[in-house]
Amino acid sequence: MDRGEHQRRARLRRARGRVGGRRPKLTEDQAALAQRLYDEREKTVQQMAHMCGVPRSTVYGHLDKTRTVPRQPKKTAVTKP
């Protein structure tokens, strides 16, 4: 298939509402829940990933980077000897 034919078929698919690409692993509801749990610090990313059956990287990919505040490491109590 030459380039012109490929572009023509892509235009036809777009006209029918098909945009191509891979479907997201998380639904919109799951992504919204993950965002809320992350913002409220109720669950860790590992726990959210386990709940949704996806790797942590997928959860991170669905988080809104413009409003997500990075987590700070837990402060450990310093014990004096």
Results of side-chain contact (heavy atoms from CB on, under 4.5 Å) for Arg11 - residues two or more places apart only: Gln7, Arg8, Arg14
In the structure I gave you, are the side-chain heavy atoms of Leu37 and Met51 within less than 4.5 Å of one another anywhere? yes
Contacts of type side-chain contact (heavy atoms from CB on, under 4.5 Å), residue Pro24, not counting sequence neighbours: His62
CZ of Arg56: more than 12 outside heavy atoms within 6.0 angstrom? no
Can you measure from NZ (Lys43) to NE2 (His50) and round to the nearest 0.5 angstrom? 10.5 Å
Acceptor/donor pairs from residues 26-35 side chains to any protein atom, 3.5 angstrom cut, sequence neighbours excluded:
{"residue": "Thr27", "atom": "OG1", "partner": "Gln30", "partner atom": "N", "Å": "3.1"}
{"residue": "Gln30", "atom": "OE1", "partner": "Thr27", "partner atom": "N", "Å": "2.9"}
{"residue": "Gln35", "atom": "OE1", "partner": "Asp64", "partner atom": "N", "Å": "2.6"}
{"residue": "Gln35", "atom": "NE2", "partner": "Asp39", "partner atom": "OD1", "Å": "3.1"}
{"residue": "Gln35", "atom": "NE2", "partner": "Asp39", "partner atom": "OD2", "Å": "3.3"}
{"residue": "Gln35", "atom": "NE2", "partner": "Thr68", "partner atom": "OG1", "Å": "3.0"}

